[in-house]
Amino acid sequence: MSGPPLNPEQRAAVAHDEGPLLIFAGAGSGKTRVITHRAARLVSERNVKPWRILAVTFTNKAAGEMRHRLGGLLGDVARQIWVGTFHATCARILRRHAEDVGIRQDFVIYDDGEQRAVINRVMQELKLDDKRCPPKRLAAWIDRAKQEARGPDDVEKNDPFSQAAAQVYQAYEKRMRASGAVDFGDLLLMTLRLAEADTEAGRALRAKFDYVLVDEFQDTNHVQYRLVRALASGTRNVCVVGDDDQAIYRWRGADVRNILGFREDFPDATVIKLEQNYRSTKRILRASHAVISKSASREPKELWTDNADGAPVTLVASEDERDEARLIVQGIRELRREGRSLRDMAVFYRIHAQSRVIEEALRAANLPYVVVGGIRFYDRAEIKDLLSYLRVIANPHDDVGLLRIVNVPPRGIGKTTTDRLQAAGAETGESIWSVLPRVAPELGKAASTKLAAFRELVEALAKKAPDLKPSELAREVLEVTGYVRALESEDSAEADARKQNLQEILGSMEEFEQEAEVPTLAAWLESVSLQSATDEVAEGDRLTMMTVHAAKGLEFPVVFVTGLEEGMFPYRGLDGDEEELEEERRLAYVAFTRARERLVLSHAFVRRLFGTPKEGFPSRFVDELPEGDVVRVGKTGAFGRATSSRSDAWGGGRSSSVPSYGSRAASRFGAGSGASSSPSPARLGSGSWRPSAQPARTSTPAAQSRGLPTGSYVDRSMADDIPRDGLQRGARVRHAKFGVGQVRDVLPGSPVRVSVQFPNWGLKQIVASFLEPA
DNA sequence: GATTGTGAGGTTTTT
DNA sequence: CCTCACAATC
């Protein structure tokens, strides 16, 4: 394939022949290109059989991209290469070896919700208190056990919770097997067991691949690591690619040590670092590096680029989250006026809850957008209903699926009945479907008749299934179950929307039938189970919005990162340990390095989260930015950063025909921006503190209508007459109760409050008048 | 057995 | 603020 020539490091990675290879691939360093070229070369020049190459990714999107590029390089043979996500690859292997691991060949894959349903059921059966053992916590506990390759018998049980959890785990596994179901963790763990087994099947699996390539290796968990090692144990031709700086899934069991410690398991590994970045401007890289270089225990490296300096990073300060949304919309508009397309822009946030306010502002401004992630299309009730029918038809022992649809649409089979059936199944460890013929007659005439009718319905559909395409079967289901009729009789807008969604899924099934290699129902169900919310693609000229996690692996010409406040980003969880903070740092790095040309960072001084307003200081990640590469916009840094003169840089105060936010303005402020933005640390000395130098321009109606924050330049804290001398960041102050501490930041608002770090009390926010210099 | 009401709890979430 | 889960109703 064409494209620019590979650089020396890339070439070395592609040309590497045998033995372990570890590639540190920085953001935007052409990683996917290297992997695909390498795989292609193995086939075309080294005569490796394509089906003896395994390339594993984490997301369907990445797998699809790789498949696509391999197709471009190799043509049709590319299809024989094993390209897939960890989970899809494992599912594929398990279908072939179901017997060897003791599961049904037609197993279904339970998602988190279905997993929870099983946990809830098991807890009821064990009569466990869901206050003491929240199902959520149990699910996380079981997941973690599986990630660590621990079965119910080799978990630690040293406290009451883990004792209960182990009990649940045991019963959960039993119920999953009875249901012919596996969860995501099972896919990996069962494949690992198989791959490490000293059996015929195990040996065959270990010898199956001549080359194993793994992408995003920093995100592997223990089981995935061992699986890779086992699958590559035949030839030791294992190539892992990753970036420890982009490890952001520790909370999901990923362990960066897998990449950092790779050289311990494979001392002879060749190590290649791809440090040339082809994506971003120098300024964006400098900003990114400023943040990540503070990270402890990382592989030493620094991205560099031949790209232009580019525009400075824009730092937007706003009053609150609505203000932030307004300013972002304003920035978007200006960039558009410069000719930027909406599709070139993305807005990132730390948590989904932040999206709403921004969405509202975008809607008000008539700017089309798409929110990536959040709820999956397949998670909608009507879709899950149809899916459950199809799954029960494929495997009637799927209890969760069966319980979902047994009374949908209502057919008079209520809770009392299903409770009895569940209890019967629990007694013998069988599925509901299995106990149905035996138990139904004991439930009285009415229930028994209805259950028999349901059974016949499912059996009739199952009988037809082999002769129908998936989409035809789905239509049949919607018809004979009366599902569509029930929706129609509802005659509401909502029911209409549901019908449309069902129509859409039928369409996607037909598409699948056209394209898939094996267009069976089972294959379709599996592909749906393994799909994620982020796989849904955005198209058209719209802005993209997503969490930073969802943004990994993507790039945009313009990136807005919102909510950069202490507590929000870095997000402060319950424990907030050092490791967690490190991960937040890497997350910020990921966010920043998504940007190609323009990076806009924003923070608000007050943010309402879940209703309650909370004050927030600018994130440390913002403080750490190199001043010379930053231009400030919006509300005056409340603690006297002399930034007000910059405030009009966002298009206020000047004729709108001069796009100040755009590249022209950027270059205008560019090189010299260091002079115009104040040096940090912020000072509270009277000089820079005085707002009087600034006209209260934004309070004019015109400015307001432009959506500028009212009173941007009028800091209300000015009104106070409290002692400020010595109240600057870093200053030592004394408090009557907490003793001596160090000023970390000064809050806007009245009365002026200061956040102070006390050795024994931690970070406190204190009204300034209660403090004296120490 | 379905419908409406209160209360807790609500990072991130590749699969 | 908003959603989901269970409870108290008709």
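In the text below, chain A, chain B and the rest are named by the order of the sequence lines, each starting its count at 1.
Between A/Phe605 and A/His603, the ring-plane angle classifies as perpendicular under the 30° and 60° cut-offs. Aromatic ring orientation, A/Phe556 versus A/Phe348: perpendicular (interplanar angle above 60°, classes split at 30° and 60°).
Among the protein residues, A/Asn60 comes within range of the sugar-phosphate backbone only, with heavy atoms under 4.0 Å from sugar or phosphate atoms but none that close to a base. Using a 4.0 Å heavy-atom distance criterion, A/Thr416 is classed as a sugar-phosphate-only contact.
Distance, A/Gln531 CD to B/dT13 C1': 16 Å, rounded to whole Å. Rounded to whole angstrom, the span from the CD1 atom of A/Ile413 across to the C1' atom of B/dA2 amounts to 15 Å. A/Glu359 has its CD atom 14 Å from the C1' atom of C/dC1, to the nearest Å. Atoms CD (A/Gln147) and P (B/dT14) sit 14 Å apart, rounded to a whole Å. Atoms CD (A/Glu580) and C1' (B/dT11) sit 9 Å apart, rounded to a whole Å. In this structure, the CG atom of A/Asp112 is 9 Å from the P atom of B/dT14, given to the nearest Å. In this structure, A/Tyr571 atom OH and B/dT11 atom P are separated by 5 Å, rounded to whole Å. Rounded to an integer number of Å, the gap from CD of A/Gln354 to P of C/dC2 is 16 Å.
Two residues, A/Thr59 and A/Lys415, neighbour DNA chain B, and the one matched to the more 5' nucleotide by heavy-atom proximity is A/Lys415. Between A/Thr220 and A/Gly611, the residue anchored nearer the 5' end of DNA chain B, judged by the nucleotide with its closest heavy atom, is A/Gly611.
Judged by distance alone, the side chain of A/Arg607 and the main-chain N or O of A/Pro613 form no donor-acceptor pair under 3.5 Å. Distance alone, capped at 3.5 Å, places no donor-acceptor pair between the A/Arg116 side chain and the A/Ala139 backbone.
The residues A/Glu114 and A/Lys384 are annotated as salt-bridged, a charged nitrogen and a carboxylate oxygen being separated by less than 4.0 angstrom.
C/dA5 sits 23 Å from B/dT12 when the C1' atoms are compared, rounded to a whole Å. Rounded to a whole angstrom, the distance from the P atom of C/dC4 to that of B/dT13 is 16 Å.
At a cut-off of 3.5 angstrom, the base of B/dT11 holds no donor-acceptor pair with the side chain of A/Arg350.
Of the listed nucleotides (B/dG10, B/dT14, B/dT12), B/dT12 has the atom at the smallest distance from the side chain of A/His352. Closest to the A/Arg356 side chain, of the nucleotides B/dT14, C/dC1, B/dT12, is C/dC1. Closest approach to the A/Trp251 side chain among B/dG10, B/dT12, B/dT14 is made by B/dT12 (side chain taken as heavy atoms from C-beta onward). Distances were taken from every side-chain heavy atom of A/Ala254 (C-beta onward) to each of B/dT14, B/dT12, B/dG10; the shortest belongs to B/dT14. With distances taken from any side-chain atom of A/Phe610 to the nucleotides B/dG1, B/dT14, B/dG10, the minimum falls on B/dG10.
In this structure, A/Asn407 reaches the B/dA2 phosphate: one of its side-chain N or O atoms is under 4.0 Å from OP1 or OP2. Between A/Thr547 and B/dT13 there is a side-chain polar atom (N or O) within less than 4.0 angstrom of OP1 or OP2. For A/Thr57 and B/dT14, the shortest distance from a side-chain N or O to OP1 or OP2 is not below 4.0 Å.
B/dT12 shows a glycosidic angle more than 90° from 0 and is accordingly assigned anti.
Side-chain atoms of A/Asn221 and A/Tyr249 form no donor-acceptor pair, as typed in the model, at a separation below 3.5 Å.
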